[in-house]
Amino acid sequence: MIESLYDRMIEQKVPLTADAAVLLVGRGSSDPSVKEDLTRIANQLKENYRFKQVEISFLYGASPHVDEALDLLVDSGRKQIFVIPYLLFSGLLMTGLKSKIKELTDRNHPILLCDSLGYHPNVQEVLLERVNELIGNRRG
């Protein structure tokens, strides 16, 4: 999954700056394990690719909210911010995110919205493996 996140950034076809920041955006949940899992993924992305800053946020149901996290990153003076929706399906949830990014982006401090994970080949492979495991468990 970590490679899939990095791939989404590379697909933007812009050189990474030394102070590039990453914001992972989850759907959100009242279940604390969701936040813990996304934090673990963010830390692994930061470590594997040596980013100075990788943050998490949520569209609803958990904090920090994506609007708050984006405002903080912009205020921090980062020259380049990659926003990666940690979502299988983008749909309507992306509309508000696109609007917020458009509002905050300027030419000197681009905010780059990456594609969601849902259509990445690695994600499709993981989902297929899980379905096959479930089918195998039912037969066994």
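Quick caveat, the model's predicted, so the values are computed rather than measured. This chain uses plain numbering: 1 for the first residue, then up along the sequence.
Summarising the geometry of I84 relative to R8, their closest heavy-atom pair is CG2-CB, 4.4 Å, with the distance given to 0.1 Å. For the pair K79 and P110, the tightest heavy-atom approach, listed with the atom from each and the gap, is O-CD, 3.0 Å.
With values rounded to the nearest 0.5 angstrom, F51 atom CZ is found 3.5 Å from M9 atom CE. With values rounded to the nearest 0.5 angstrom, Y86 atom OH is found 8.5 Å from S4 atom OG. How far CD1 of I41 is from CD1 of I56: 9.5 Å, rounded to the nearest 0.5 Å. A distance of 5.0 Å separates CG in L113 from CG in L97, rounded to the nearest 0.5 Å. Atom CD1 in I81 sits 6.0 Å away from atom OG in S76 (nearest 0.5 Å). Put simply, SG on C114 and CD on E11 are 8.0 Å apart, with the number rounded to the nearest 0.5 Å.
Remark: D31 pairs with S29, S33, V34 by the side chain to side chain contact (heavy atoms under 4.5 Å, CB included) rule, at least two apart or across chains. Among residues two or more places apart in sequence or in another chain, the side chain to side chain contact (heavy atoms under 4.5 Å, CB included) test is passed with Q44 by I2, N48. Legend: residues meeting side chain to side chain contact (heavy atoms under 4.5 Å, CB included) with T17, ordered by chain and number and at least two apart, are D19, A20, Q80. Checked against ring-ring contact (aromatic ring centres under 6.0 Å, His included), Y6 has the following partners two or more places apart in sequence or in another chain: Y49. Partners of A62 under the side chain to side chain contact (heavy atoms under 4.5 Å, CB included) rule, at least two apart in sequence or in another chain, are F58.
Residue pairs meeting the salt bridge (Lys or Arg N to Asp or Glu O under 4.0 Å) criterion with at least one partner in residues 50-64, sequence neighbours excluded, are absent. Evaluation of the ring pair (Phe, Tyr, Trp, His ring centres under 6.0 Å) test over residues 11-31, restricted to residues two or more places apart or in two chains, returns none. Pairs passing the salt bridge (Lys or Arg N to Asp or Glu O under 4.0 Å) check and including a residue from residues 36-47, sequence neighbours excluded, read D37-R40.
Looking at F82 and L23, their side chains never come closer than 4.5 Å, going by heavy atoms from C-beta outward. Looking at L87 and L117, their side chains never come closer than 4.5 Å, going by heavy atoms from C-beta outward.
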### Task
Take I111 and V83 through the side chain to side chain contact (heavy atoms under 4.5 Å, CB included) test and state the conclusion after the steps.
CA-CA 7 Å; I111 301 173; V83 178; 3.6 Å; yes
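When each of N43, L45, T39 is checked for a side-chain contact (heavy atoms from CB on, under 4.5 Å) with V54, only L45 meets the rule.
Checked by atom type and distance alone, the side chain of R27 never pairs as donor or acceptor with a backbone atom of Y60 at under 3.5 Å.
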Please list, one pair per line, the donor and acceptor atoms closer than 3.5 Å that link side chains of residues 65-75 to other protein atoms, with sequence neighbours excluded.
residue	atom	partner	partner atom	Å
H65	ND1	D67	N	3.0
H65	NE2	L59	O	3.1
D71	OD1	K100	NZ	3.2

